[in-house]
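Sending over a structure as structure tokens; questions will come in a sec.
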Amino acid sequence: MASGSHRNGGVKVASKLDRLPPSSAGYATPKPSAKSRPSAAAAAASRRGVSMAPSASRVGGDPGVPGRVRVAVRLRPQNAEEMIADADFADCVELQPELKRLKLRKNNWDSETYEFDEVLTESASQKRVYEVVAKPVVESVLEGYNGTVMAYGQTGTGKTFTLGRLGEEDTAARGIMVRAIEDILADTSPEIDSVSVSYLQLYMESIQDLLAPANDNINIVEDPKTGDVSLPGATSVEVRNQKSFMELLRVGEAHRFAANTKLNTESSRSHAILIVHVKRSVKGRLDADQNFHGEHSMSSNLVSSFRPPIVRKSKLVVVDLAGSERIDKSGSEGHTLEEAKSINLSLSALGKCINALAENSPHVPVHDSKLTRLLRDSFGGSARTSLVITIGPSPRHRGETASTIMFGQRAMKVENMVKLKEEFDYKSLCRRLDIELDKLIAENERQRKDFEDEIEIIKMESESRIAEAERSYIDSLENERLKYQEDYLGSIKKLEEKWKCDVEKARIEHQNLCLEKAHSIEAPSICTSDDVSEVRQLHQNDKLLRQSIEDEVNKLKSEVSHWKHLEEVGNAEILKLRKMLESEASQKQKLEEDIAMLKSQLLQLSFQADETKRSLDRGVPSNLSTGFDSLVSQARHSQLRDSAYGPKASIAKLFEQVGLHKILSLLESEDLDVRVHAVKVVANLAAEEANQEKIVEAGGLTSLLMLLRSSEDETIRRVAAGAIANLAMNETNQELIMAQGGIGLLSVTSADAEDPQTLRMVAGAIANLCGNDKLQKRLSREGGIKALLGMVRCGHPDVLAQVARGIANFAKCESRASSQGNKAGVSLLIEDGALPWIVKNANHEASPIRRHIELALCHLAQHEINGKDMISEGALWELVRISRDCSREDIRLLAHRTLISSPIFQSELRRLCIEF
Ligand code: ADP
Ligand code: MG
């Protein structure tokens, strides 16, 4: 096996490509050049000792041209069983041979695109398959390089058909082995060259000789110096013509059959290996070289006549690999666990070597199995290698088909277009996550700062208001007190002065009175009465003054009580402000918790991204697309992979790390972005059947329906509808959706939406509901059929396909109910006015739409009661057309049978004189 000499995917591609000569980018044959120096890749590979055939063993010492494993995918046509069993289902793959792409359908709404070197459709001829897959390898073998052609795929997908068919009865059916020998024999001459063949079977790590079955457990011998691999114990028969080769193949097949019967195995569990050794004389070419140099001198002729004869040895290995399906380790196929392990050993070791080579790993575990040891000198590197992966169309084997495709993708080592983007996207995802994380941290910091500032301002404001209130209260209290004191003192002073003055006055008057008394005795009675009235007057004044002071005191008292009241109000205000502060603080804490949660999600994402990066660095290809949801989808995807090939960065991990309840609770987040991400995650989870029950149990269906009802955001509605559509694949969920008013919500969404993708999801969901026998009447009553028909306004073929699927599902259920006697009366589809659209689109150019409608028409026509409407709407003509022109034989026959057995159609056809 080679290493270091292949192209790798992703960012590394450019540097690797720089080293590749133009011819190696396609299926071109490498041209050996005696003058070329060993490439860096070859040198690195030979240092590791796992590489291509060593230069020393080659005439001319050509180190070989680096190449990479070329991978073609071939789709087997539907077989008779699949035609019946899969009639109502779309194929799981769609080929785009002109773009060399294959689309693998994930479910009714999603598919993944892969690019291959060649994409061979079910109608590809054996000749074409040989020419694109094996001919370049054969040519390279004739040039002196080792070459390998391998077929990998699930049992029954056409590996043996592609490689081993003898084509005795039909030459066009000859497989790669026969055609390769034909080309080799045509290019070699029996006189100077030799072509010999060994035919082996590898089963449970034991190599058996199919040309001499007694040769069991043949040893593999590796030349430690050159690295050449040989099987000295294997029979090698020289082949001189096509006939003798065909005979060998027949003998080999017979022995294989006998050996497998004896070992009680099936051939699908063993690898069949054809080795063609080609030994060619290159004398003619060297002579030509010498002539080219124009030297006809004696000396050069002498030198050439003393030179030993030169031969070029190479081999072509054709491997019909064991079926790639995982064998049941429980032993249900009659194997013990040990047997099961070694049956798969060579195949899984091949996968590991391919991974190691793809990763440029310093260690390629070639010694882990017989198959990889055997292929060591003829796989990749200077050896030209072609792999054809074979797949079947049936959606029932989607898992095996997906793992075959992934094997092919790994073997290519060059990422397909989607992958390339994803690799790039992976890096940008990392960067984006970093940027988003930084942004969130900065935003968080900013928000916290703003919040703190705001709190500070509020605090300061309230403090200043309190202080101001307190100040003004104290001031006014003080003022009042001072004023009162002043007034009081003033009045006291006034009273004292008055009193003094009165006393003085009374004293003087008394003196005068005494004097007057001394001078005259008549006057005293008058004086005394004046005095008394004056004293009375004074007393009165004094009383009034006291009264006014008392009033004043009362007034001040009431003012004090007023200020006390003011103080209480102030205190209440302070309390209110404090409460406000507390609630702001708790809001802040909640915000911080939200931010912390977002941060932890981001951290988790970057952890998963790191995991993915590590897987990528180990060469495990992944299907990263962009963003959060794609990371989840990548995790989901990895579940599909063969466990030997990748870490299970599974959705289960996301469940564990984040928790379904947490994810569902994010659906109600106030942040739109978070809601969008959360609904995408839920939709991705809902796409996995294993998660659906958990989601519904945890209330996810209700949340999704609520989002559909309440969200204004188109993306959320689209993704929620997609998730509901996925959940609606299961009968119990269908009933739950109906019970929770889902059909009404889907109808409203369908009426409001413009985006074809939203409509596609909604139509898909309703189409799934239409497939439930119990929901027929309710669906029609609650407007489900009308909603489906309403969506055809969008005209997008994907939407129309879902509408058609829904109608076909509905018609099928109705037809079943009618034949079981559970339904009488005209079809609800006809009642809801679907017939004109059905008739108009019955011959739609898009085959999925057409097929569903054709099936719907056949189902409707099964019941006589629909006949009248069908005739008046023109559906009869479509049925006649289907019975004559439909490319699907089963539908054609169904239409034909239906027409023949329907008296109403028969009489109408007779009336119109149409022979049927
Ligand atoms: P495998 O070797 O992968 O188990 P086979 O080569 O035995 O599968 O093919 C299984 C069946 O499918 C055979 O009957 C074969 O004739 C048929 N078949 C496979 N590939 C094709 C094809 N491309 N066209 C027609 N029939 C095919
Ligand atoms: Mg086979």
Side-chain angles (χ1 to χ4, degrees), residues 71-86 91-95 97 102 116 118-134 149-179 199-203 208 210 249-250 252-261 263 265-274 318-327 333 343-344 346-347 350 371 386-394 396-397 399-405 407-408 889:
V71 183
V73 57
R74 185 181 198 184
L75 176 66
R76 171 176 60 61
Q78 252 190 345
N79 59 29
E81 185 216 340
E82 286 163 343
M83 274 185 190
I84 297 161
D86 301 337
D91 289 349
C92 70
V93 290
E94 185 189 319
L95 302 189
L102 172 152
F116 286 96
E118 280 300 334
V119 168
L120 300 159
T121 62
E122 60 267 53
S123 59
S125 66
Q126 291 281 77
K127 181 166 192 275
R128 196 171 126 62
V129 173
Y130 170 72
E131 276 168 1
V132 298
V133 173
V149 177
M150 285 197 292
Y152 179 97
Q154 191 187 353
T155 298
T157 50
K159 297 181 294 297
T160 309
F161 184 91
T162 302
L163 298 179
R165 280 203 82 178
L166 299 183
E168 287 163 307
E169 58 308 320
D170 174 12
T171 31
R174 285 166 307 153
I176 282 175
M177 288 179 180
V178 177
R179 288 172 196 265
Y199 197 20
L200 310 150
Q201 168 170 278
L202 174 56
Y203 177 68
Q208 298 145 22
L210 289 179
L249 278 189
R250 253 193 302 271
E253 276 312 310
H255 286 153
R256 192 177 184 204
F257 181 76
N260 287 328
T261 313
L263 287 168
T265 66
E266 320 118 57
S267 61
S268 67
R269 295 279 172 241
S270 66
H271 311 277
I273 303 159
L274 179 80
V318 183
V319 192
D320 185 350
L321 288 167
S324 62
E325 59 278 3
R326 294 162 58 106
I327 73 163
E333 288 188 8
I343 285 171
N344 255 347
S346 275
L347 208 54
L350 178 67
L371 179 66
S386 250
L387 171 69
V388 56
I389 60 167
T390 56
I391 55 174
S394 171
R396 283 171 300 149
H397 299 305
E400 295 297 348
T401 304
S403 94
T404 301
I405 289 169
F407 183 90
E889 193 184 357

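For ligands, and for the atoms within them, numbers begin at 1 and follow the listed sequence. Residue indices begin at 1 and follow the sequence shown.
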Check: Within less than 4.0 angstrom of ligand 1, does Q126 place any heavy atom?
Finding: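 It does not, in that no heavy atom of Q126 comes within the 4.0 Å cut-off of ligand 1.
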Notebook entry, point to check: How far is atom 16 (O) of ligand 1 from its nearest protein heavy atom, and which residue and atom name does that atom have?
Noted result: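 For atom 16 (O) of ligand 1, the nearest protein heavy atom comes out as F161 CD1, 3.4 Å.
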Notebook entry, point to check: Got an N/O contact under 3.5 Å between R165 and ligand 1?
Noted result: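 Among all N and O atoms of R165, none is under 3.5 Å from an N or O of ligand 1.
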Note to self: Below 4.0 angstrom, counting only protein heavy atoms, does anything approach atom 27 (C) of ligand 1?
What the structure shows: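 Within 4.0 Å: yes, protein heavy atom nearby.
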Next item on the list: Taking the side chain as every heavy atom from C-beta outward, state whether P97 and L120 have any pair of such atoms under 4.5 Å apart.
Entry: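 Side chain of P97 against side chain of L120, heavy atoms only: no contact under 4.5 Å found.
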Notebook entry, point to check: Are the charged groups of R396 and E400 less than 4.0 angstrom apart, N to O?
Noted result: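 Salt bridge flag = no for E400 with R396.
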Item checked: Distance-minimising heavy-atom pair for C92 and S394 ->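 Taking C92 first and S394 second, the nearest heavy atoms are SG-O, 3.6 Å.
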Notebook entry, point to check: How far is atom 8 (O) of ligand 1 from its nearest protein heavy atom, and which residue and atom is that?
Noted result: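 Residue, atom and distance for the closest contact: G158 N, 3.0 Å.
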Next item on the list: May I ask you to check whether P77 has an N/O atom sitting below 3.5 Å from an N/O atom of ligand 1?
Entry: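 Such a contact does not occur with ligand 1.
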Next item on the list: Give the residue, atom name and distance (to 0.1 Å) of the protein heavy atom nearest atom 2 (O) of ligand 1.
Entry: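 Answer, as residue, atom name and distance: T160 OG1, 2.7 Å.
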Check: So, is E122 polar-close to ligand 1, with some N/O to N/O distance under 3.5 Å?
Finding: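 E122 vs ligand 1: no N/O contact under 3.5 Å.
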Check: Just going by heavy-atom distances, which of R76, E325, Q78, R74 is nearest to atom 17 (C) of ligand 1?
Finding: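 Nearest heavy atom to atom 17 (C) of ligand 1 lies in R76.
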Item checked: Modelled atom types, side-chain donor and acceptor of R74 and T162, under 3.5 Å ->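 The criterion, which ignores hydrogens and geometry beyond distance, is satisfied for T162 and R74.
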Next item on the list: Could you tell me whether any N, O or S atom belonging to T160 is less than 2.8 Å from the Mg ion (ligand 2)?
Entry: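 Under 2.8 Å: T160 contacts the Mg ion (ligand 2) through an N, O or S atom.
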Margin query: Is it the case that ligand 1 has an N or O less than 3.5 angstrom from some N or O of G156?
Written below: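 Checking ligand 1 against G156, an N or O pair does fall under 3.5 Å apart.
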Margin query: Please tell me if atom 14 (O) of ligand 1 is touched by the protein, where touching means a protein heavy-atom distance below 4.0 Å.
Written below: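 There is no protein heavy atom less than 4.0 Å from atom 14 (O) of ligand 1.
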